[in-house]
Amino acid sequence: MGLLSAAAGRAEVPVFPVVGVGGRQAAEALWLMPGIRVVDSPRAAVLLVVVGRLTRALLHPTMLVHDQLPGPRATLWWPGAGGATPDDGAQGTEDLLAALPDVVTTVPGDTAGLLAVFADLLSGRRPSGRPALVDVEYPRWRGVGPHGHGGEGMMGGVPFGRPLAEMADDPDGLMLDQLPLRVGPFFPAWPPGLILDVGLQGDVLRGVAVGDNPYRSWPGDEPVGPLDTALFLATRTMATTVAALEVARARHHLRWLSRTLRGHGLAARAQRVGALAQSLSVDDRPVVEALARRLGRDAGLAAATSGVGIVDRAALERVGIDRYGGPVARAAGLGIDARTHDPAYADLGFAPVIHHEGDARARLRQRAAEAAQALSLAERAGEIVRPPGRPVEGPRGVLAPREPLPSSALLALLPDLLDGLEWGDAVTTVASLDLDLEEAALDQSVATWPARTSGGPTGASTTGAAPTSTGPAPTGPAPTSRVTP
Amino acid sequence: MAPFGAAVVVVLAGGIAVLAARWLPPAVGPEATAPERIPFLGGGVPEVHAWSRFHIRYYAMALLFLAFDMEMVFMYPWAVVFAAEGAVALVEMLMFITILLLGILYAWREGALSWAS
């Protein structure tokens, strides 16, 4: 047994990441760490890694995911990723420590610590993590009804604890069951924090609603971590070189590309692109150009993304995204780009890259081409410095003072875009929009970028475009209640 | 009986192996807790049972398959007389297949081959 557990302790560590506020980058870095395998379901994981700070809305999902890891299991917490410390007084953070007493707190990216916890766990030196929820099924169904499975009558009661689905119209004129599901916030194919309330008829999505943003559910849940567009947001007060901005843009698009390739099941390519993004410099321009060409020609990707999730001009105008521009709008033929009128780019001969199809494939090619273009601009920009304060073209669109951030508008696209799609196409579409729930959370908060104006919270102007939840509140009646210590 | 002895042994051994694989782990290992039995939805809980009736969208494809499967039946007698009849048989079969091909192109155009339309 000793030999066996020692050998098991040296195996690849299956890790399921739970991404809190500010944790996205550190969680994605897990993919590139040697000896670690990021898995798509807690059932396949041994370690749960909580990255960043938790809000109260994320607490119950985290506890449930924790209890869904089969033993032996352990939980690591990397609070530093969100710029938070264990004692910064955040409510969700205190609750996490109370709910998961066995949590090991380390610094983000501490691979050695992670491997040590895994080896200790498998050798039996560390006990398996205690459950956070009580082991009770709700509602009660065992022994209920004539056959003891909770069902009775024509409509079945609550077989195995749950009512049966209601019927709804099918596109072919049939009345068929529509299974309502709330997917997220830790669903690996979604961006972290995205909750979608979907109705499923077979594998076709009907009636999609975006759930409350868990990064911003209660007053006081301020996003604290740096956004992945932090450098672009900082340009309001800070002079930056054009070269630095453009390399950051290329890195952003390559990281998106890496996530997307992984979503399409191309893990090895995703790994290479992710590593390239991590060490990106101006000298990588030929590599990125070759990558963009190869991706544009890739027949498999083309088959998976062509004609999927078409965002047309009307949809863009409906959610007000035509004001933001960004790769999604440019992939649909709208040539809006803040760099066109930016004096810092005047001598660089900048012209926006445009695709016209507006589908997931156009967005993939758009971002790959923009990454290559950004490096080419960075190469030519030399030491050109951009003065602070002007609207800047961020990786998702224009970041202008007193305007909402692009992620909110992109989120508002989802309900219409996903309705009627098959599940696989829906996943492709969501990935192709490059959503960031933290950016959207920042937008909904009173501290809308750049700053609160005297006229009241500028974030209020976005509530029209901001998605609202039609589902139950995240803290609604839980099937399993917490263990009271 | 002797020729079937080995088969009986294999079937019995296979059945025992399947039953053992089915019953042994739950009997020996710990029982899954209530949270472990909940399907993984990214941190949420399904509120409705997944026993639902949904549209089997491949029925149109299944009908098309049957039609072209029957076409093959006509090719068996044709293959028998093909050598004797020669080029005439070839031309006749090409005409037959062309007509069917037009049918599949029509079905394609009408969207019968798309999974969810």
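As the structure is a prediction and not an experimental result, all values here were calculated from the model. Lettering of chains follows the sequences in order, A, B, ..., and the numbering in each one begins at 1.
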Considering residues, nucleotides and ligands other than [X], do more than 12 of their heavy atoms fall under 6.0 Å from its [atom1]?
X      : atom1 : result
B:F96  : CZ    : yes
A:R43  : CZ    : yes
B:W51  : CH2   : yes
B:E110 : CD    : yes
B:F68  : CZ    : yes
B:I56  : CD1   : no

Could you report the tightest heavy-atom contact between [X] and [Y], atom names first, then the distance?
X      : Y     : value
A:Q68  : B:E36 : CA-CG, 4.2 Å
B:G43  : A:V65 : CA-CG2, 3.8 Å
A:R162 : B:I38 : NH2-CG1, 4.1 Å

Any sub-3.5 Å donor-acceptor pair from [X]'s side-chain atoms to [Y]'s backbone N or O?
X      : Y     : result
A:R182 : B:P46 : no
A:Q201 : B:H55 : no
A:D135 : B:T33 : no

Which region of [X], side chain (C-beta onward) or backbone (N, CA, C, O), has a non-hydrogen atom less than 4.5 Å from a non-hydrogen atom of chain B, or is it both or neither?
X      : result
A:D170 : side chain
A:V183 : both
A:P70  : both

Return the option, out of A:G71, A:P163, A:S41, A:G161, with the maximum number of heavy-atom pairs under 4.5 Å with chain B.
A:P163
At a heavy-atom distance under 4.5 Å, which candidate from A:T62, A:L181, A:L69, A:D67 has the highest pair count against chain B?
A:D67
Gap between atom [atom2] of [Y] and atom [atom1] of [X] - 0.5 Å precision:
X      : Y     : atom1 : atom2 : answer
B:L41  : A:L64 : CG    : CG    : 9.0 Å
A:L176 : B:F54 : CG    : CZ    : 10.0 Å
A:E137 : B:R37 : CD    : CZ    : 4.0 Å

Hey, what's the ring geometry for A:F16 with B:F40, parallel, tilted or perpendicular (30° and 60° as the breaks)?
perpendicular
If we check side-chain contact (heavy atoms from CB on, under 4.5 Å) with B:V48, which of these qualifies: A:L200, A:L164, A:L179, A:D177?
A:L179
